[in-house]
Each structure stands twice: as C-alpha cells, then as structure tokens.
Amino acid sequence: MSLLVKNGRIITADADYHADILVKGETIETIGRQLPVQDAEVIDAAGMLVMPGGIDPHVHLDMPFMGTFSSDSYETGTTAALHGGTTMVIDFILQTQGKSLASALEEWRSRANGNARGDYSFHMAVTDFNEETKKEVRHLIEKEGITSFKTFMAYKGALMIDDRQMIGLMNEVKQQGGLVTAHATNGDMIDYLVAKHRAEGKLSPLYHYLSQPEITEAEASGRFADMAGYTGCPAYIVHLTCEGALNAVRNAARRNQQVLVETCTQYLLLDASLYEKDFEGAKWVMSPPLRERKDQAALWSGINQGIVNVVGTDHCPFMWQQKKMGEKDFSKIPNGHPGIEHRMELLFSEGVNKGRISLNKYVEVTSTNAAKIFGMFPKKGTISAGADADLIIFDPEEEHTLSASSHHMHVDYSAYEGWPVKGKVKQVLLRGKLAIDKDECKVEKGYGKFVKRNKVNGRL
Ligand code: URP
Ligand code: ZN
Ligand code: ZN
C-alpha cells in the first residue's frame, strides 16, 4: 500500500522545502515534486508543516516508584504521545538492587509487550553496579539493542549509586560502545536538606523545592562531567534545569569534552513560583524541581548555543489521589508530572511561534538529536528516503487550549490547565500507518514496536 503526502512544507533539522513524500509500507520511498504515482492514498498537506515524528527520550510509563506506579500504562502513555506528535519514546527500566539487569528487562517487557501503540525503547537504569552487573552490559548493547545506561546520583537509599560504581559502570559502558546518562543532583546534600526541613516541621511542597537548591544540581553535573571526562565515557545529563548545571557542561566543553544535555518542556516554561500554591504545588513536585526565570532564559539560550541538545518531558504522571500520599509530608509526594502529550505543541507555540528558536532547531531538539544520540539515526529522527515513515502533519496557525478535560494522558489534572497554544498536530504517521487523524487514534494497542538501537559515541 502506498501513501502520498502532498503539498506540504517539509522541515528537517537542516532543510526547509516544499515537496511530496511517497511512503511504501513502513518507510519513505522517495521525496520529490510531481512524483509519478498511481494508486496511492493521498494526504493533502497544503498549508501544513511536515516534520519527523517526535522522539521523547525521557518517559516513565507504568513505573513502580515511591510506593506506587506512574499512572500512564504503555497503552495510554504512547496513545497520548501520538496525539501530541511523539511517535517514539524511550522509557527507563529500573534494576532492583541485588537483582540482575536481565530480570529487570524481563519485568519491563512484561508491561510493555503488546501494549504500546507508539514505538518505544528502553534505557537501563543501573542501581547496583557490581561484578555481575558488569558482565551484563555487553549483552544488553550487542544483543538487546539497549545502548544507554541511566544512573541516579540522587534518591539516596533507593536508586542512588556512589561514585565508585559510577566510574566502574562508565569504564565498562565505554568499552562496549554505550552511553551513560545521569540524574545529576547531589543525593547526600538533598537527603540532608529533606531531613532538616522535616525535623523543623516544614512539610509543604515548597520544601521539596527548597531541599534541592541549584547548587545540588550544579555540583553533581560537574562531578558527572569530570568522571565521564576521566573515563572517556560518552555522557548525557537528563532533565537539566538550571544555569549552574549548564555552566558545568560549558566547563567540560572547554577541555573539548562533549557532555550531551537534555532539558524538559516544564523547565523552559514553568517556574518555582508554582510551589507557593500550598498543596496544589504537589502537581509540580518533580526532581529536580522547577527553577527560576533566569534558568529558563539560560536554557533557551543553551538550546540556541547547541549546549542543550534535546527537549524531553520526564513524563511521570500520578493521579491527584496518589499525589495526596504526601499531603502531610512533601517527601512522600510521588515525584513526577504529566507532559508526554504536550511537548511538541508547547515547544512549537512557545519556542517557534514566539521567535525563541527556529523551525530547524525545533526539529533538532524534539527528534533528530535524540535519534542521533541514542543510535537510531537516520531510521528515526528525519525525513529521507529509507527512513521510517514517522511523520507529523502540523498546522502552525491553529489555536487551542490545554486541559485535563481534553487530554489523553491517564491523569486527572493538567500541569498546563488553560494554557493557550498556537500550533496543532493534525495527522501522524507511524511507520507508514495513519496513527492520528482528526483527534482520533487509528492504530491498535500492540502496533508500537520495540526499537533496537545501535552503538553510540557520545558526539553530535
Ligand atoms: O520527578 C521525577 N523526575 N520523577 C521521575 C524520576 C526521575 O527522577 O526522572
Ligand atoms: Zn530523574
Ligand atoms: Zn525521569
């Protein structure tokens, strides 16, 4: 079956032109004007932008965390992602301390297999690096196509690893052709501040924010960069939020080290004043917390300077009832917020339509760079002959308003309730199949495939 996307304005990370795209099966066959095509289904994209499907490399679906599970399953999470123009996500497997990486992979597969509508892959979060874990790294990279290893420098007593383990992991991952990523905040400092605030009876969500000051992130980002520089391991900082942490990355760049950086939509658009809303602030309790306006400015300019390479979401939703687990103590509020559905439209509206970033940069940070960094380019992340036909057809002018009453995420509040957006995803193709049309999801549960990834080198 052929499909012709006609008359659209094609935007990639490095091009902007009008042409038609012929899709055969799951891939793009050819791109050109007046293509001699017969018997193809036609999508008229006149007046629309045609861009690569979004890739969100930071989501947590159906994840056991802080005594509960994140509320989006693979089905609901990838469905919401598709509605918002994200055709692929990378989720995090969490190793249980004392157990193998293989058993964690099995557990995550049991939740994901046959349930996703959008494509997905996994990062492996190593929470217990030892001689046994070390032996598993090669197999994951070579055989399973899982080439990125997540570390937590915080969540002390739960997920955090120490620097000894970090160095050991980096040495092994480097040797096998993978990448180490980090939640880079200082877990000991945060642990101290959380305990101090609790002891003083300071228990509202505001104290979640005050327990993770900028220095906790700047310090750990610098330390992570130093360890990666020392071992020569490809390195990527997830959900970077602030100027101090960006400066640590700049310091590494001065010695010709590239530390790759992801920020998330919420750190570009929301700020810490939301924690002053008493318990309602729990909606935005996430780690690291929202920061200041000066940090938002630093992140936008970091994108344009090429220091911030990716914008993800760290989608980790919890129902309001789940958030209430911490009504009397901020340290018990499950950390995370919903965002998977709105990344592409919000970044377009606030970034492109408000003149903060170019269209090409938009594609670069929402899709292309993630595909390159995580070993999927050019199969994913661009529009070219031979690539997977993951396309979004986007109206840059249509205005709408975000709300929990209309979103598709399985969560009963919106972090962006009432937010006006200019720019809307109209249609989505996933591997050649019309996945979203007129606000309806057209692919079945199970259509989403696990994507095996290639080895990486940590450079863009
Ligand atoms: O608050 C957050 N970010 N929750 C998800 C886990 C993580 O640290 O990414
Ligand atoms: Zn994190
Ligand atoms: Zn996360």
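Values below: all heavy atoms of this structure, side chains included; hydrogens, waters and symmetry mates excluded. All figures in this text were calculated on a predicted structure; none of them were measured in a lab. Every number for a ligand or one of its atoms is a count from 1 in the order of the listing. Along the sequence shown, residues carry numbers from 1.
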[X] bridged to [Y] by N-O distance under 4.0 Å:
X	Y	value
K323	D412	no
K150	D91	no
E107	R111	yes
E243	K294	yes
K283	E417	no
E200	K202	yes
K379	D388	yes
E106	R109	no

K150 to ligand 1: N or O pair under 3.5 Å?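 In fact, backbone or side chain, K150 has no N or O that close.
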
Which bit of Y155 gets closer than 4.0 Å to ligand 1, counting heavy atoms only: side chain, backbone, both or neither?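 The part of Y155 near ligand 1 is the side chain, not the backbone.
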
Protein N/O/S atoms closer than 2.8 Å to the Zn ion (ligand 2): H183 ND1, H239 NE2

Any idea which atoms of ligand 1 are less than 4.0 Å away from a heavy-atom of [X]?
X	answer
S287	1 (O), 2 (C), 3 (N), 8 (O)
D314	2 (C), 3 (N), 5 (C), 9 (O)
C316	5 (C)
H60	5 (C), 6 (C), 7 (C), 9 (O)
H183	8 (O)
H239	8 (O), 9 (O)
M286	1 (O)

Identity and separation of the nearest protein heavy atom to atom 4 (N) of ligand 1: N335 O, 3.0 Å

Using ring centroids (six-membered ring only for Trp), state whether H408 and H410 fall under 6.0 Å. no

Could you please spell out the steps behind the side chain to side chain donor-acceptor pair (under 3.5 Å) verdict for H315 and D72? CA-CA 9 Å; H315 176 73; D72 258 320; 2.8 Å; yes

Apply side-chain contact (heavy atoms from CB on, under 4.5 Å) to F377 and T368, showing your working. CA-CA 7 Å; F377 188 83; T368 312; 3.7 Å; yes

If I take every N, O or S atom of H60, is at least one of them less than 2.8 Å from the Zn ion (ligand 3)?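 Yes.
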
